[in-house]
Every structure is written in structure tokens, then in C-alpha cells.
Undergrad: 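What follows is a structure written as C-alpha cells; I'll ask about it next.
Here the structure is a predicted model, which means the values were calculated and not measured.
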Amino acid sequence: MLGDNQLADVRGRRPEGGTSDSDGSLVGGRARWVEGGDHQPLDLASYWRLALKYRLLVVGCFLGALVIGAALTLLMTPIYTAQATLQIDRETARVLDTEDVAPTENMIQGEEFFQTQYGLLRSRSLAERVIESLGLASSNEALEAMGVESPEPGGTAATQALRRRAAALKALQENLGVSPIRGSRLVSVGYDNPNPIVAARIANGFAENFIQSNLDRKFESSSYARQFLEERIVQTKERLESAERQLVAYAANQQIINVGEPSEGAASGGATESLTSNNLVALNSALARTRAERVAAEERWRSASSADLMTLPEVLQNPTIQRLTEQRALLDAEYQQKLSIYRPDYPEMVQLKARIDEADSQIRTIAGNIRSSIQSEYRIAANQERSLQAQVTSLTGDVLDLRDRSIQYNILQRELDTTRTLYEGLLQRYKEVGVTGGVTANNISIVDLATPPREPSKPNMLVNMALAALLGLGLGVLAALILEALDETLATPDDVEKKLGVPVLGVVPLLDKGQGPTDALRDIRSGFSEAYYSLRTALQFSTPDGAPTSLLVTSARPAEGKSTTAYAIALNLARVGKRVLLVDGDLRNPSMHRVVGVENERGMSNLLSGSADLAGVVQPTGQENLFFVPCGPLPPNPAELWGGDRLHQFLAEARNSFDHVIVDGPPVLGFADSPMLAAAVSGVLFALESRGTRRGQARGALKRLQVGRAHLLGAVLTKFSAKSTSYGGYDYAYDYHYGAEPEAMGGKKGKRG
């Protein structure tokens, strides 16, 4: 039955224009029914229903996988894993404050360094070294102790040895495990073997041989470095001696004499200063000082020659002149004092005047001498400057000539210095390598040696059972999805809507054994009647004008409940006061007259052939407002009767006398009757038997109706068993009764509608 939610769902659907589904199903004539929008949310309930539907398959796969996983685990050979722990440092501990021969790793290259060490642990050369040190390929018995099959007999002893070695090498590389411990410099070296003692022995063998191989690589690199340095030292020494001989011979030939240490200017070239250059530097320095003295003397003489004699600083600062000036001042003061008493010609005054004149004369004489000395100093400084300038000019030519001859000398000197520096560097490096080559410090150490494990690491029962459970569950779900995809049955309303794209207007329950449809319809409180009440209500909302005036009820094949559905719809419409005409349109295998309980002497075949009119074939029934037109005599070709104009005349005449015309049509597949009927009526209701109609049959029937331009209102699902079908979204409570006590109602499984 359809409840309020279903009715709203029917009203909410809208057709979208004129195309069929990708799978070819007909939805609303040539329209596709959509519910609200294009995006459908994730429907977890549908997956739950799918799981319940195939629960036996999923549980069977789950349990089967568990049994197989347990059996395989018990049949597996126990494998023991022994692990040794190593510590790998980036650099060796420094014993000497010198650089090592091997390249060191910085923090940026640390990851590459550790990955390199892990690769060395997995290398073939280390595995071969372990085989040699432990004698794992010495005999077939040694291979069997490792759990490795002996090679096939045949061939020479050398061939057998190579085969044993190859087998042992393959076993070591396959069973070795290198696992870095995250966040540390530790690495775990493990080995898997059925024998725990052998596993521990081989794991320790890998750890010890890895350390020894690392030391061997360091020693080999130091040995190679010493040999290389020895060869380079001999070659460089010969070049140094040759360069010294060439330099001395060239200096003697060109008369180049260098003294002292290399100057700053010549340091880059590795040459010393020559004697001529040193003399030039000394004379040039003296010339600079003399020129400065000459400039100062010239300036003093220029001032002395142009200024007043008594204003010269040299004159004013002379102690004799200062003393004479003081004496004259005293005499002049005395003279001026006595001039007020005596006349100038007085003897004493004359004597004082003479003494004053004498003082002035001495002052002028001394001042003149000072000016003459300034002039002499200027002339001496100028003469010295000219003399030094001549000597510097002469030495400059000599130095330039010497430099022209020293170009090749400087080239030889630089080559000598470079060769000497290289020779000293190689000699120092050779001494360092000689010292560090004997140091055996290693950056790899064993933290824990491997011990024989007490319990096997493989197989792990819990892990295997968990994997088997996941695999079984996955296979079960996959099988369920495949079966569901291949399932052609239409069992639930969801199946009808998803697989056919047709809205479901009603769901009719399956009757109990021994109960007939007629008896169930007489009981208006039965679940069977309630289902058809809901179908009638849905039909009233299927068109804008209510229930269609003419309705064809058909199905894909016989015995799907279409006749019962047509009778029930007509009966329910009549019960609500509508004048209803029920027509048995199956002119091939009529059965409605038995359901209604009337004779089948005259009916639609007579009306369509023109031998009777509508009033002559309509018969009343036991239900008020319900009238019936039986099939009548079976015609030889029903399709010709349905294809004539009398069908449309009959429907037009029936609409004038009745509110609704319900036609019980024949099955669609195999006959042309239903498509012609569908084209003439206002609407078509498609009946589907739950779990009885295949999807392919329903699609074929809908396509045939599509060809006849039928107006498909929806489908009704008949013979639906809620007990055998877990269907969510519609909770049918067919055992609900009117007037039930609240306690009884609360004990019911569901509710109607």
C-alpha cells in the first residue's frame, strides 16, 4: 500500500523530455522520471538491504576464507628470524686532526650516506663474502642446513661448486632483511630460516663481514692514496730541480742580482728585489726629501726677498736681535727722558744718540746676514735636488733595462715557487696518509649480536586470519555486487524504479495460501484491500484532473495479477460513488466474467464487430455503480477488432455515461492488442509480479507500449512478499487492524502507510 509519503513522492515526480534511459527502459511514455534533482545522495540503506539479501553468500565466503587461511597457515613451514643490530655513524672518530682519504658526509648528504650503507648490506659482494667466511656453499650438506635444495647432480666439481654458490647466494639475498630504526642511526639486519641457529649464525655473519668490508675499503683507499702520492712526489721533485737549475743559469747569464726577501709587490710573482732597484728606491726617497726641503727653502727666500727686513720671522726670532732691540729701547727711553733737560747737542745727549745709532747699525747688519743665510740655504737645496734628480734618472734607465731582462727570470721564478709549493703539499699529505692508514677506527659497530629466536616469526596466525577474513569479506561483497548487477528479477518497488525507471503507484501483498482475491477484496479491512485503496488514491493524483477517465491495466505476461488489479480499481472507484464501467479487453483468454460472476454470451467482441451497441452489452454487477462489459464470443482475429474505429467510438460513448472506464487488457508480449488499446485510453497501468517478471520481459513490454504512444502512469507491484524481501523505505503492516489496543499496536512490527 502507498502511504502519505508515497503519494507525495508520486506528486513530486516530474517528467523530463522525450528520451529513454540508457538501458532502453520506458519511463512515462518517452519521458524519464526524476525525483527532485539530478544528484542522488549516498543510500546506505540500499547497501544494507543488499547485504541482507546476499548474507548467506557473504558469510559463506567469509567463513570459507577463514578455513582456507587457517589450513594454509598450519601447513606452512615455521620460519625463524634472527636479528643483529648495527650502529652506523656518518664519520669515523677522529684520532688525528687530519682529513681522511675517503670523502666525509655532511648533514645534507646524510640520507644518501645511510641509503648507500643499506645498499652495501644488500650487495652481492657482501653476500659472497658471508658465503666464503661461513662456508655455506662448501657442500650439499651445508646447503641443506640452510634449508636450500641441493643442485642437480652432474657436471664437473667446479660446475657443482658454482651451482652451490649460486643457490646459496640466491637464498641469502632473498631471506636477508635490512630494517633501519626510524629516528636513530641503528639498523637491524635480519635473516629468515627454518633453523633458528642457522638464522642467527648468518645474521651475525652479515654484521661482522659488513664491518670488516668497511675497514678493508678504508685501507684500500689509503693504500691507493699512498701509491698515488709517491708517484706524484717523484715527478714533482724532478720538476723542482729542473726549475731551480734554469733560474740560476738565466740569472748568471743576465747579471741579475737579487738581494733580501721578496717584496710585497713581487710576492705574487715569487721574485726578490734586485740591487739596482734597491738603489733606485733609496735615491728616489732621498730625492723626495730633498725636493721637499728645496720647496720649503725657496718659499722662505721668496718671503725674505720681498718682505721688510725687520718683519721676517727669522729676524724677529733671533736672540741677538732681540737683545739689541731691548738695549736700543732702553737707550731711546733714557734719551727721551734727558731730552726734556738737555739739548740734543749736549755732550751726554750726543753720546746717547751715538749709542742708539750703533745699536740700529748692529741690528741691520745681523738682519742682513739672516737674509743672506736664507738665500744660501735655498741655493744649496736646489743644487742637491738637481744632483739627486740626475742620479735617479740614470738609475731609472738601468732598472727599466733590468726589468726587460727579468721577464723570463720572473716566469722561471714563479714556476719554481709553484713547483716547490706543490712538492711541499704532496710531501705533507703523504706523511698524513701514512699515519692515518694505520688507524683502524670504524664508523660501524655491532650493538646486539643475533641470538637464536625461540618462536617463529612466520606464519603469523592472527595476521593471516585477518588477511583471510578481509579477503573473504571482499570476495563475498564482490560476488554480491556481481550477482546484483546480473540479477534480472524485479522483487521490490526499488527494483522497478531503478531497473525500469517507472514509478510505482502501488504494492499489493501476496495472499496467504487458500485465500482468493475476491474474498480478500470483500473484506474492506484486509491488507489486500488496503493496498488497492492506496493504488486508487495514487491514481487520483496521477493526472491534473484526478484519476484517468479511461484506464488500461496490462502486464508483460499472463498471470501477473492484472485482472485482479483492474477489478479492484473499478470496485474501489465504485465504492466512492463513481460510475465505473469495467471492460474485459482480453479477447483471447477472458477471465473477468468469472471474477464478476456474470455470463459471457455478449460483450466487446460483439460491440467491436458492430453486432451490438453499448447498452446491449453492459451488465450490472453486485456492487452499486459498477457495471461490466464481458469479452463475448472469442473472435478469430482480435487485433483487427481493436484496430478499427469502433474502439474510439465505444470509449467516447462510455465517457458520456460513466465516470471511469477500466479495461482489463491482454498481456503485451506476443500480441498487438495492448499497444492499440494503450494508444486509445487516457492512461496505462502496468502490472508486475514480484519475483515473477524478468527485467528483460518488462523492458520489452514497455518498449512496445512506447511504440503505441501510450501514456504510462506507473506500475503496480503484485504478489509482494514482505517476509521474504527486506525492503526499506516502505514499511508495510498488513496485520494492522482497526480498533486494536495500544499495547497490541505497539507490539506490531510496523505500521501501515
Undergrad: Just checking R379: does its CZ atom have more than 12 heavy atoms from other residues, nucleotides or ligands closer to it than 6.0 angstrom?
TA: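 It does not: R379 CZ has 12 such atoms or fewer within range.
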Undergrad: Nearest heavy-atom pair of P151 and R164: which atoms, and what distance?
TA: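 Taking P151 first and R164 second, the nearest heavy atoms are CG-CG, 3.8 Å.
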Undergrad: May I ask you to check whether Q235 and E231 show a side-chain donor-acceptor distance below 3.5 Å?
TA: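 No, no side-chain donor-acceptor pair sits under 3.5 Å.
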Undergrad: Go through the structure and list residues passing side chain to side chain donor-acceptor pair (under 3.5 Å) with Q351, not counting sequence neighbours.
TA: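 If we apply the side chain to side chain donor-acceptor pair (under 3.5 Å) test to Q351, skipping adjacent residues, there are no hits.
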Undergrad: Do D417 and R420 meet the salt-bridge criterion of a basic N to acidic O distance under 4.0 Å?
TA: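 A salt bridge is present here (some side-chain N lies under 4.0 Å from a carboxylate O).
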Undergrad: Got L416 and L240 here, is their nearest side-chain heavy-atom distance under 4.5 Å?
TA: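 Yes, their side chains come closer than 4.5 Å.
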Undergrad: What I want to find out is whether E208 reaches R129 closely enough, with some N-O distance under 4.0 Å, to be called a salt bridge.
TA: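 No, no charged N to carboxylate O under 4.0 Å.
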Undergrad: Test side chain to side chain contact (heavy atoms under 4.5 Å, CB included) on L126 and F206 and set out the steps.
TA: CA-CA 7 Å; L126 182 60; F206 268 99; 4.0 Å; yes
Undergrad: Check the pair V187, Q117 against side chain to side chain contact (heavy atoms under 4.5 Å, CB included), reporting the backbone distance first and the verdict last.
TA: CA-CA 10 Å; V187 58; Q117 299 303 312; over 6 Å; no
Undergrad: Take atom CZ in R165; do more than 12 heavy atoms of anything else shown fall under 6.0 Å from it?
TA: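 Enclosed: over 12 neighbouring heavy atoms sit under 6.0 Å from CZ of R165.
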Undergrad: Would Q389 and R291 count as having a side-chain donor-acceptor pair, cut-off 3.5 Å?
TA: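 Their side chains do contain a donor-acceptor pair, which is all the 3.5 Å distance test asks for.
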Undergrad: List the steps and the verdict of side chain to side chain contact (heavy atoms under 4.5 Å, CB included) for F210 and I88.
TA: CA-CA 11 Å; F210 181 60; I88 303 177; 4.3 Å; yes
Undergrad: Less than 3.5 Å apart, any donor N or O on the side chain of N214 or N443 sitting next to an acceptor on the other?
TA: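 The answer is yes; a qualifying pair exists.
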Undergrad: Can you measure from CZ (R201) to OH (Y191) and round to the nearest 0.5 angstrom?
TA: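 The CZ atom of R201 sits 11.0 Å away from the OH atom of Y191.
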